[in-house]
Amino acid sequence: MNRALARILLSLAFCAPAAAQDVKKEIERYRQMVSEGSPAELFELEGEALWKKPQGPRQASLEKCDLGLGPGVLKGAYAALPRYFKDADRVMDLETRLLHCMTTLQGRSREEATQRVFGNADRPSEMESLSAYVAAQSRGMKMAPGESHPKEKAAYELGRALYFQRAGSWDFACTSCHGEEGKRIRLQELPVLLKPENARSVAASWPAYRISTSGFVTMQWRMNNCYQQMRMPEPAFGSDTTVALIHFITVTGKGETYQGPGNKR
Amino acid sequence: MNRLRRTVLGALAAWLATPLAALAAWNESAFGAKTPQDALKGIGAANPAPSKEIVIDAPQIAENGAVVPIEISSNIPGTSSLAVVLEKNPFPLAAKFDFMEGAAPFVKLNVKMAETADVRVVATAGGRHYSATREIKVTIGGCGG
Amino acid sequence: MQRDFHARGQAGMERVVQDGIQRVCTETHNQPPAELARRLEADQMKTIAFPQASLIGDWKSGERIAQNGRGMQWTDAPGTPNGGSCYNCHQLSPKEISYGTIGPSLAGFGAKRGSGPELQRYVYGKIYNAKAYNLCSQMPRLGYSGTLTEQQIKDLVGLLLDPASPVNQ
Amino acid sequence: MAGPMKMRATLAGGYTEVRVLMTHPMTTAQSGQPLHFIQNITVKLNGKALIEAEVSQAVSRNPVFSFRLKGGAKGDKIEVTWLDNKGESNKIETAVA
């Protein structure tokens with residue numbers, strides 16, 4: 001073999017894996033730079049205004065909403081969710097609890113309050129802005145969802161079982177994408193949420209600003225959108241299914257310091 | 001009505017009718033240019049000299065063309081303006097920043113890129129123009145659904 | 001699940017109900033007993049309708065299908081051609097840097113293995129119903145589920161096996 | 001009404017770093033929606049304009065900018081104003097921290 005050709009081949013052999021490594025590194029850099037310039041805080045401002053705005057038949061604000069630490073207590077409330085609520089006799093995540101407060105405090109119907117839970121870039125939903133505001137009040141606190149009540153234990157077990165449940169036109173379960181370490185869809189890396197070391201950063205960064213749609217997204221949206229991509233029918237907002245999955249992921253990722261609202265692809 | 005008064009009133013009426021937007025300068029011909037060359041001409045920097053003193057800090061790959069973060073700065077003494085030209089965008093000129101005494105020639109911003117292309121940054125210092133480029137690859141992220 | 005889900009768009013409630021394979025794979029965490037797997041794989045093999053003529057279609061169309069990640073979701077209009085979502089999980093053409101890694105890399109697939117009738121049949125069958133070859137494979141049954149048409153699958157076979165395809169450059 | 005803005009101005013080394021967020025759709029001519037984007041941005045320190053920017057629809061939705069001002073002291077007033085192609089505008093003021 002000609003020596004020059006051999007040298008080219010040799011360099012190619014070393015270049016190929018190096019190129020893949022560079023792609024990964026550059027994508028990480030991209031995400032880092034984007035998160036430094038995230039508009040997530042704008043949604044917190046909207047949410048604060050909505051929290052204080054009198055609405056519904058009772059013209060009440062949400063300022064007396066009990067998110068688990070007492071009426072109106074915001075600091076640290078998100079870090080302690082999902083948890084069991086005695087007044088509703090079920091485990092609730094942030095959005096489900098906000099919906100509960102909209103119906104009980106503001107006197108709104110479930111239908112009206114859930115009419116538009118997922119917004120878009122032009123108009124974020126009330127739920128999204130409120131989630132941004134409430135979650136931000138837990139920044140710097142350790143994630144500690146409820147784990148002691150029997151219904152909390154049941155929600156965790158249900159969430160874990162659902163994570164493996166294969167169904168739909170494409171036979172997908174959560175594990176189809178989030179089941180094996182180091183895999184990705186296109187360039188998006190996929191955390192295996194069965195493992196605390198992966199679930200921790202997830203639990204500590206949702207809800208989040210989503211770069212690809214310029215909108216703010218919540219965990220309820222994430223569950224809804226995963227089921228959509230799994231080619232399944234639509235899960236109801238705040239249903240036991242979605243709450244159980246969120247609870248399972250959050251419990252798996254507990255202990256991490258909350259740093260959100262974060263940034264997603 | 002005397003002539004002076006008419007002129008003054010006329011000017012006043014014209015001023016009141018002017019939308020606020022028109023009071024601030026916006027270089028319509030440069031921003032409306034469809035090629036990088038015309039955009040550079042539009043800002044009066046047709047043939048900038050290449051310079052290594054212009055720093056473009058950006059990821060080589062952007063997962064999403066709708067948000068491409070770039071950090072630009074110039075180490076050329078007396079830099080008074082920085083312009084960003086996205087070479088393959090339908091309207092290449094993205095922004096122009098003028099820095100007065102007391103401001104550093106530094107900006108970080110997010111831009112939209114239609115496709116993989118060179119980002120050109122043009123710096124003006126002492127009436128002369130300099131430029132540097134950096135390629136950013138725009139890819140598809142996620143499930144595409 | 002019957003209580004928590006509702007039909008939307010083309011995604012009907014029948015999709016919530018697990019079929020036999022989905023149940024076995026869920027219960028065994030995708031590690032079915034060998035004997036059962038062999039039997040169920042043989043059943044799945046019977047679902048594959050192999051066309052008579054050549055199985056190698058147009059790789060250009062195949063590349064578009066491989067890039068397209070839409071289809072079968074409640075947001076997708078029924079009747080419009082579905083994509084295969086191939087790049088979501090596999091590397092195919094080395095020119096595309098945005099590819100997934102859930103499935104193995106298929107870059108150079110035909111260049112390494114040829115394009116004979118046996119291989120064509122294997123590739124067609126695997127795309128049509130991956131569960132006939134590996135019961136709890138994560139790959140969707142793209143023909144069996146009605147996602148891709150016979151012609152679309154042939155075009156994907158072309159993308160993988162045609163020597164002119166970018167996959168084999 | 002123009003959506004909210006947010007700004008932080010912090011002393012870092014020898015300069016003041018200004019980070020400002022603006023709520024704006026920044027729609028392009030290609031989007032099929034009416035063209036609506038910020039055209040002018042002014043950054044002032046204690047009432048004096050230090051940066052004047054002209055931008056196009058190529059700036060991403062909900063723009064975020066970081067600028068650096070030389071020097072600056074705690075309590076100095078930073079003001080950022082934007083103006084869009086429809087004549088809408090908004091302004092935010094903060095003290096250097």
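Quick note on labels: first sequence line is chain A, next is B, and so on, each numbered from 1. Small disclaimer: the values here were computed from a predicted structure and weren't measured.
A heavy-atom distance below 4.5 Å is found between the side chains of Asn30(C) and Gln138(C). Taking the side chain as every heavy atom from C-beta outward, Thr241(A) and Leu162(A) approach each other to under 4.5 Å.
Only the side chain of Thr147(C) comes within contact range of chain A, judged by heavy atoms closer than 4.5 Å. When heavy atoms are compared at a cutoff of 4.5 Å, Tyr227(A) approaches chain C by way of both its backbone and its side chain. Contacts between Glu180(A) and chain C at a heavy-atom distance below 4.5 Å are absent for every atom of the residue. There is no contact between Ile21(C) and chain A, counting heavy-atom distances below 4.5 Å.
Heavy-atom pairs under 4.5 Å with chain A peak, among His6(C), Met72(C), Gln18(C), at His6(C). Counting heavy-atom pairs under 4.5 Å between each of Cys177(A), Ala173(A), Ala236(A) and chain C puts Ala236(A) at the top. Chain A forms the most heavy-atom pairs under 4.5 Å with one residue out of His29(C), Arg23(C), Glu27(C), and that residue is His29(C).
Of all heavy-atom pairs between Gln220(A) and Thr242(A), the closest is OE1-OG1, 3.1 Å.
Side-chain polar atoms of Ser93(C) and Glu63(C) form no donor-acceptor pair below 3.5 angstrom.
Ion pairing between Glu35(C) and Arg38(C) holds under the 4.0 Å rule for side-chain N and carboxylate O.
Across the pair Cys25(C) and Cys136(C), the gap between the SG atoms, which is the quantity tested here, stays under 2.5 Å.
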